[in-house]
There are 2 protein chains.
Amino acid sequence: MSVMQAMNIPPADPGLDAIFGALADPTRRAILTRLAHGPATVTELVAPFEISQPAVSRHLKVLEGAGLIERGIDEQRRPAKLRAANLAQAVEWLTQFRAFWGSSFDQLDDLLKVMKQQDVRTEDE
Amino acid sequence: MSVMQAMNIPPADPGLDAIFGALADPTRRAILTRLAHGPATVTELVAPFEISQPAVSRHLKVLEGAGLIERGIDEQRRPAKLRAANLAQAVEWLTQFRAFWGSSFDQLDDLLKVMKQQDVRTEDE
DNA sequence: TCATTATATAACATGTCTGTTATGCAAGCC
DNA sequence: GGCTTGCATAACAGACATGTTATATAATGA
């Protein structure tokens, strides 16, 4: 039995690769923050940044690939909408380190239960 | 005033780039998980993975650059030790989306206070 | 001193970002 | 129909990431 197995270390999760990878870019984080205030079209998202429209379109594709946004259809527009549920996966992974911040972190466990319930509801929409 | 300013969107944080970037790699996440069980030398970290020792050394450098580990000195060894405090930054960033999971997420605010206090204590060591 | 162990670094190949400009295409408007 | 708007995609460039092997360095130990 390998060390990793003995220590009950979870297998590599391609979902987490995508999620953390998406969050690693400052433009994408800013886009998510913007979307937390409501859906936005590509054109609206381009405006505050000094990058081209195709660049934003590709950032959106990365975010969509990570399951962090959804795209809609509104005539010619393809509004992006936050899909925060998958951010829960990131938080969940981070909770394995809660012991390093003190036992109060256990509250996060309860929190995750709530998040997962919300997740299910989101799926149903 | 730009849209981003009006919406009180935080400026790009190069620290978050490094932290999320470090977490985007499955090998690095596995290393952090392993280190959550205690410090480990490079040789010990190489064993469970099918990558070369230099590759692990570079992953450790990335993690160190993100402030997620510290290196020690033990004769010829340079043991890596988890420095989980900076993971709090990641969690903190994620909390801006707590409204999407329900108000129970507010507990995370309290949590962060604890984490930050721990942070200060860690700095003092 | 010489060998061994532990780790770092250099040099290199390859693949993946991230951005650009140019262009295609669909939907609405005159 | 022809123009405008909104967005996607293709093609390209440059930087960065990740892995390799070979080698350097530092500490221990015979």
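Please read these numbers as outputs of a predicted model, since none were measured by experiment. Chain A is the first sequence line, chain B the second, and so forth, proteins listed ahead of strands; every chain is numbered from 1.
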(request) Check the distance between D:dA17's C1' and B:D17's CG and give it to me in whole angstrom. (result) 15 Å

(message) Generate the contact string for nucleotides 16-30 of chain C. Rules: B means base contact, S means sugar-phosphate contact only, - means no protein heavy atom under 4.0 Å.
(response) --BBBBB----BS--

(request) Report the residues that fulfil side chain to side chain donor-acceptor pair (under 3.5 Å) with A:S57, sequence neighbours left out, ordered by chain and then residue number. (result) A:Q53

(request) Considering just the side-chain nitrogens and oxygens of A:S57, establish if one lies under 4.0 Å of OP1 or OP2 belonging to D:dA8. (result) yes

(message) Is there a side-chain contact between A:K61 and the phosphate of D:dT9, meaning an N or O under 4.0 Å from OP1 or OP2?
(response) yes

(request) Measure the distance from CG on A:D74 to P on D:dT5 and round it to the nearest whole Å. (result) 17 Å

(request) For the pair A:R28 (side chain) and A:G21 (backbone), establish whether a donor and an acceptor sit closer than 3.5 Å, ignoring hydrogens and angles. (result) yes

(message) What is the distance, to the nearest angstrom, from the CG atom on B:L60 to the C1' atom on C:dT7?
(response) 10 Å

(request) Grab the CG-C1' distance between A:L45 and D:dT5 for me, whole Å please. (result) 16 Å

(request) Determine yes or no for a side-chain-to-main-chain donor-acceptor pair under 3.5 angstrom, with B:R83 supplying the side chain and B:L87 the backbone. (result) no

(request) Return the value, rounded to whole Å, for the distance between atom CG of B:L63 and atom P of C:dT7. (result) 16 Å

(message) Please check: side-chain N/O of A:Q96 versus main-chain N/O of A:W93, any donor-acceptor pairing under 3.5 Å?
(response) yes

(message) Restricting to non-hydrogen atoms, name the atom on B:R77 and the atom on B:T41 that form the minimum distance, rounded to 0.1 Å.
(response) CG-CG2, 3.6 Å

(message) Test of understanding: with side chain to side chain donor-acceptor pair (under 3.5 Å), list the residues that count as partners of B:E64, not counting sequence neighbours.
(response) none

(request) Can you tell me the distance, in whole Å, between the CZ atom of B:F49 and the C1' atom of D:dT20? (result) 18 Å

